[in-house]
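All remarks here apply to the structure that follows.
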Amino acid sequence: MVRIYFAGIDLGSTMTKIVIINDDEQILAYVVHHTGAEHRHLANRVMEEGLAEASLSIDDISFVMATGYGRINVPFADRQITELSCHARGVASFFPNVRLAIDIGGQDAKGLKIRDGKLLDFVMSDKCAAGTGRFLEVIAAALGIEVEDLGGISLRSKQKVSVSSTCTVFAQQEVVNHLSAGVPLEDVVAGLHDAMASRTARMVQRLKVEPDVVFTGGVAKNAGVVKALEENLRCPVLVPEEPLLSGALGAALLGKEHVLKALARGETIQTGERRLDRATFFEKE
Amino acid sequence: MTTEAKPRALNRLQSMYALRAEVDKMYEGGVEASEEGKPVAWVMLEGWSNAILNAMGVSTVFPENYSSLCAAQGVATPFLDRSEAEGYPTHLCGYARTCIGYSSRMVELDGEIPPEAPAGGMPKPVLLVASGEVCDARFKWFQSLGRFFDAPVWTIESPYPGLRERLMEGAHERNVNFLIKELKAFVAFLEKLLGKKMDWEALEYTGGGTNEINRWRWEINELRKAHPGPMNTRDFWSAVTAALFRGAADPDVITKGFERMYDEVKERVDKGIAGINRPERYRLSFEGLPPWHSLGFLEQLADRGWNFVIESAYRPPRPITIDLSKYSDPMERYVRRRYRRLEDSLREDYGPEEAEIILDEIRRDGTSPRMGLRHIKDYQVDGVILHVLLTCRSTSAGLNLLQHRLLDVLKVPSLVIEGDIIDVSAFNPAEALRNAEAFEETMDHYRKVRKELGMPW
Amino acid sequence: MSYYLGIDIGSSTSKGVITGDGDVIAQHLLLSGVNYRLAAQKLVDELLAKAGVTREDIACTVATGQGSANVELADQQIADIRCCARGIYSIYPSVRTVIDVQGQSTQVLRLNGEGQIANFVVSEKCASGSGRFLDIIANVLQIKLEEVGPLSLKSKNPVTFTTGCAVFGESEAVSRVAEGVAREDIVAGVHQALAEKISSLVGKVGMEERCAITGGGALNIGLISWVERKLGVELLVPPEPQFVTALGAAIMAEDTCKDG
Amino acid sequence: MAEPSKGLLRAQEIYQDRSRRALELQKQGKKVVGYLCIYPVLEMMTALDIVPYRIFGDMREPITKADSYIPAVNCPFLRSCLDLGLKEKYSFLDGIVTTHICDVGSSLSGIWNYTVRTPFSFHIDTPHTLHETSLEQERGLLEDYQKALEDLTGQKMTKERLQEAVRVHNEQRALVRELYELKKQDPPLISGVETIRVIKAIQSIPVDEGNKLLREVIDEVKERNDGPQKKSARLLVWGSILDDTALPEMIEGLDANVVMDDTCVGSRAYFGDVELTNDPLDGLSHHYLVDIKCPRTFRTRDYTDVRKDYMTDLAVRFSYLRDYVRDWKADGVIMESVRYCDTHGYDVPGVRDYLDSVGIPSIYLEHDYTEGALAPLRTRVQGFLEIIE
């Protein structure tokens, strides 16, 4: 039997994610890399890594779907779809009963209203870094803490402080003030998480908060934010095992759907002519 | 908000408390009326509809005021969030968003008053009376409440022409006639809605009572010119609600309350007692609407010797006797009692000489730099706080212009403080205090400038 | 001799000045870090050591800046705007307009002939209008902060930043680099945006010559040049602009002592 | 004049250098009067041979001077207009006419008078309701406006001149509608970007010249083979103000064509004619108060009706949008607004409720009137396109 393979690549502002699946929707490989300055031109390398892990060559892949902030400039992609649709699809494949998905990435925060696996409506943050993953990164860096450690620290808090500045840079200032005044670190970090969660909760309210609520994106790895979000939304929040992958997985799945539709129309799918060119990244956005 | 260790810096008026209690009574009255099956209307504060509604036996409650009450009690935020959840942009008026959130909550509770609502809450309305006066929010907001209530909305239309346009020949009489017709149409609508006839005699009473209250308020403000200022704006804001928002309240009781306040302020003037318990270092005016959630901030400023001796909003007009003998139509009497010719009110307000200068400037430039400055001069104000509201276009759009006029004409500086009437998160007290400290130097500087120019203060 | 101490605990750096007989005896600058209390203590210790005096020799101490509440030995806290005015007046009595570019905000002051604040305005609460934007961009482009200014002056075609957020400006800068945009055009874009914001603030208080620039931002010759172009005036730059506020605090300390 | 270039190219030239023609005419002795928004009855200017010149902002120019006169928490479009005024971009105007389009618009008239000091100014306090008294009031205000314009020009506005002006402006409305007819085809014969250029061009020159330009554009567009490509989605844009091609450019750069609009630099001023009444002021006051559908006016089914029903109310206010969607075969609606626009802001949930009730997908985009800030909106528009696909 001939297998068909699909790849989804999600070029986020901070992380590059690749998922390779087969026509049974099994995940054969996934790679998550920092989209750090040195990696920006290297989407093709990340792809190579994914292919190696799946023991496939680029010619085996029937369809590459690109999504995320840098989706426009992936030369080896067949098509681009927004991360909104891809996240919705990816999240629904993990949690079929999802009705509200929240994704907090490095660059923005999104709320997705999903019914029967389909994206119906969405909201997005804009303009500034408040309420995005960058918010926590910037502050963690200022505190000299690894961003991964924030969650654990905040869970020790007994009495969170309030962080009122919306501007990330000034919130950082506020944090320093609190610490200087002798507030324990865990209470300050818990305050940051709460500020972020309440901002997110306000943003997604218009979509109606109904379970299942699923939380993805880099920030979903932070148990402190998850807890704060549950408090602010007043309902349980589900987090997939690998919360960074929903976009890339959704992209691969949408790629598969695209191919199946094409096949159903009697079109043939092309393979074997793909070149893994370097990405000319972030051209327009 | 504030932590007071020292004796309070503000010297509160005892007579204020009774007036403030009347406001709570008004809301209780609204709920009672609703429980008794009497009609309750939600009404925007404007000069026209309230007396008419009361004359028709309709109880009135005031969502604008109610929102400020929610803010003052620290319970507005959940309502604001709810409005956002309904899809209303967050830059819309804080009063409106609080009310929209409240209405949405009422729908969730099948029309019941939310248990968390302060002062007993506002009962479900049979009518919404919007206003085309002062700001757009006041009719757009009630229009949008259609999402929550099937109560009809009547928008009271009143003229708000440009200054020069008000001076055009025939414009004043046209505006008067417009108002008379418009309000008669409103009465006809009410008669249709309520199935009863207007009580025109009652209007003579409900409409006339305002003048008596305003006369006391005007007299009190006259006393406030004294040095040191006998009454801080904090007391003004606490009491003004009773004067402006009179639904079920008895005009006589309110009148008495302000009469008592007059006596108390008079006594202070006679004894040289100030509205703050600190030496009066600076006399200030508060321009715009206050941060209802953080009025305690005035305590901190009072501690620095800042006495807010006057404010721009809701200043009562100078009492005058208008000859209504020519007019027999009760609505015409009602309208002519309040809607004054611009020339006349300028002359009363600024005196004949300055009024002529102002009128000339308006005719020439369409605007006059001297307008809106009378109280600054009369109260010998050292500085002005301009409260720029995040969610209020109509009060904030013109404040910078006022700032320029104050400096150009009177050499009085102003300090811009950004904040909001409802949204506490828009206000940064620490920052405001820091700027206030620096502003003292600015006030000192302009004291010298005025002195050099031979100005009286 | 009596000594006076001015301590300015800013958001990113803390500065201190000791004066005696009207002269600066010692000055010191260190990073504020995450604990202002510690920074203040360390700063005082360093200053005393530099001046060769003890705490007891200090007649009066004034603290100012973001973290002024953390200076334990302060006799008084005074708003940084006032200290800045006092400091610049002691250096340039003829100055009437001061642009104080700090790490996290910019303020513009108008002074009268006696150094009193005749008017002032503080930038809005968003880092896009503050000197921090420059730090962030310098960091991401791996250029030393002192080099961004001179580099920006080489640009013929400054980039327009589409984001209003300093934090996002960072990623925007990165993407511009990837597009092949020259680094000087990127830093020039940041300078230009900042100069525009500053000129808008100056517009609010009204410009009167002479005009000086202070704060950490005044170390940036590029920024100075962009602001000069925008305003059409020449800016006076005190020799050590980042110490002006601390110097003002020390002078205020002396005044306080003499007053009472 | 040199050999006239073809319509679209001419429209683009005017779009890029708006004031050239007005300045030429001014040199010939004509008065040029600026106006904000679509309510200052242009017919009355035309009747006195005044060149009406619409005041726009510039979303590509940072606001640096206006901030000391209007706080930044106000409509960035109007702030930008004032900013350009303070930068002397409108100093050639002989006058300015404002109306109560919104609170900031009204405040702006006073601020403009104090700062920009255009020699002549007039403010029309357009009522907010459709009450009978409001109609009479609007008519009365137009009488004052007439007097003011007569004083400015020293000429009499005769009934005949005004009727003639109404006729020419109605012709303009008809031509704009004819142009919009061409957008009903798939692909539309003229893009959203080109439409804005044309509308902005005709709002920069006298009405008769505008009509000539429109005729040229229509004739050219009908014959063109370089028009917009066929795209997956056809969109209607509802909203406040779009006086720059940046937003439609972003949308049309994706897989969509903007085929219809209801914004104030678009169809809003041109759908519906002024009735040629015996006294032209009757038809004019009715048209400007009743026919123009801008959220600044409070509309309801029948203002004397004591019953109220939300969905009926919405249908009365917004069913024309459903008609646009049907006639122009739009697949979805983009609701657009500049930040701090109260009048549009209050209507957003209602418009959305209405569109939902008739099964038309919609998305709301708020922007702060800077070109750069539009880029992040692209993902939203694209996401919306994926939803309606």
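Per chain, numbering begins at 1; letters A, B, ... match sequence-line order. Since this is a predicted model, take the numbers as computed values, not measurements.
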Gap separating the CG atom of D/Asp103 from the SG atom of B/Cys392, nearest 0.5 angstrom: 7.5 Å

Closest approach of B/Gly87 to D/Pro349 (non-hydrogen atoms, all atoms of both residues): O-CG, 3.6 Å

Cation-pi check, B/Arg405 onto D/Tyr114 ring (under 6.0 Å, within 45° of axis): yes

Closest non-hydrogen atom pair between D/Gly110 and B/Thr367, with its separation: O-CG2, 4.2 Å

Closest heavy-atom pair and its distance - D/His123, B/Glu165: N-OE2, 2.8 Å

Chain B contacts, top residue of D/Asp144, D/Asp353, D/Val104 (heavy-atom pairs, under 4.5 Å): D/Asp144

When B/Glu169, B/His404, B/Lys192, B/Arg364 are compared by non-hydrogen pairs under 4.5 Å with chain D, the top option: B/His404

For chain D, the option from B/Ala185, B/Pro152, B/Gly366 that forms the most heavy-atom pairs under 4.5 Å: B/Pro152

Which portion of B/Ser144 sits near chain D, non-hydrogen atoms under 4.5 angstrom: side chain

Neighbour count above 12 (heavy atom, 6.0 Å) for D/Glu132 CD: no

B/Leu389, part contacting chain D, at a heavy-atom distance under 4.5 Å: backbone

Chain D contact via B/Val126 - side chain, backbone, both or neither, heavy atoms under 4.5 Å: neither

Atom pair OH (B/Tyr88) and OH (D/Tyr346), whose distance is rounded to the nearest 0.5 Å: 9.5 Å

Contacting region of D/Leu78 [heavy-atom separation from chain B under 4.5 Å]: neither

Reported CZ-to-OG distance for the pair D/Phe298 and B/Ser131, which is rounded to 0.5 angstrom: 11.5 Å

Smallest separation among heavy atoms of D/His100 and B/Asp136, with atom names: NE2-OD1, 2.9 Å

Atom group of D/Tyr364 that falls short of 4.5 Å from chain B, counting heavy atoms: side chain

Plane angle bin for D/His128 and B/Phe139 - parallel if under 30°, tilted between 30 and 60°, otherwise perpendicular: tilted

Exam field: side chain B/Lys140 to backbone D/Pro295, donor-acceptor pair closer than 3.5 Å: yes

Interface moiety of B/Ala151 toward chain D, non-hydrogen atoms closer than 4.5 Å: backbone

Engaged part of D/Asn74 at the chain B interface, taking heavy atoms whose separation is under 4.5 Å: both

Segment of D/Glu366 engaging chain B (4.5 angstrom heavy-atom cut-off): side chain

Note: D/Lys308-B/Asp150 ion pair, threshold 4.0 Å (strictly below): no

D/Asp125 side, atom CG; B/Glu157 side, atom CD - distance, nearest 0.5 Å: 8.0 Å

Heavy-atom check, side chain of D/Ser68 versus side chain of B/Asn400, under 4.5 Å: no

Minimum heavy-atom distance between B/Ala397 and D/Ile111, given as atom pair plus value: O-CD1, 3.5 Å

For D/Asp342, the option from B/Arg138, B/Arg97, B/Arg393 that meets salt bridge (charged side-chain N to carboxylate O under 4.0 Å, His left out): B/Arg393

Heavy atoms of other groups near B/Glu418 CD, more than 12 under 6.0 Å: no

Residue D/Ser109 versus chain B: region with a heavy atom under 4.5 Å: neither

Spacing of OH belonging to D/Tyr145 relative to CE belonging to B/Met168, to within rounding of 0.5 Å: 12.0 Å

D/Arg301, CZ atom: more than 12 neighbouring heavy atoms under 6.0 Å: yes

Top of D/Arg339, D/Arg117, D/Glu143, D/Met311 for chain B proximity - count of heavy-atom pairs under 4.5 angstrom: D/Arg117

Chain D contact via B/Ala137 - side chain, backbone, both or neither, heavy atoms under 4.5 Å: both

Which atoms of B/Trp154 approach chain D - backbone, side chain, both or neither, heavy atom under 4.5 Å: side chain

Atom pair CZ (D/Arg307) and CG (B/Leu193), whose distance is rounded to the nearest 0.5 Å: 11.5 Å

Note, D/Ser121 side chain near B/Arg164 side chain (heavy atom, < 4.5 Å): yes

Top contributor to chain B contacts, counting heavy-atom pairs under 4.5 Å, from D/Cys75, D/Ser106, D/Cys341, D/Ala72: D/Cys341

Region of B/Asp420 that comes under 4.5 Å of a non-hydrogen atom in chain D: neither

Structural part of B/Glu182 lying under 4.5 Å from a heavy atom of chain D: both

Contact leader toward chain D among B/Glu86, B/Lys181, B/His91, B/Gln403, where contacts are heavy-atom pairs under 4.5 Å: B/His91

Most contacts with chain D, counted as non-hydrogen pairs under 4.5 angstrom, among B/Ala130, B/Gly132, B/Ser368: B/Gly132

Whether over 12 other heavy atoms sit under 6.0 Å from B/Glu173 CD: yes

Chain D contacts, top residue of B/Ala96, B/Pro161, B/Gly162, B/Gly170 (heavy-atom pairs, under 4.5 Å): B/Pro161

Which atom of B/Val388 lies closest to which atom of D/Pro71, heavy atoms considered: CG1-CB, 3.7 Å

Largest heavy-atom contact set with chain D, pairs under 4.5 Å, which of B/Leu92, B/Leu402, B/Thr90: B/Leu92

Sidechain N-carboxylate O distance under 4.0 Å for D/Glu136, B/Arg174: no

D/Asp313 and B/Gln143: side chain donor to acceptor below 3.5 Å: no

Largest heavy-atom contact set with chain B, pairs under 4.5 Å, which of D/Asp305, D/Thr300, D/Thr115, D/Val348: D/Asp305

Contact origin within D/Ser107 toward chain B - heavy atom pairs under 4.5 Å: side chain

Engaged part of D/Arg79 at the chain B interface, taking heavy atoms whose separation is under 4.5 Å: neither

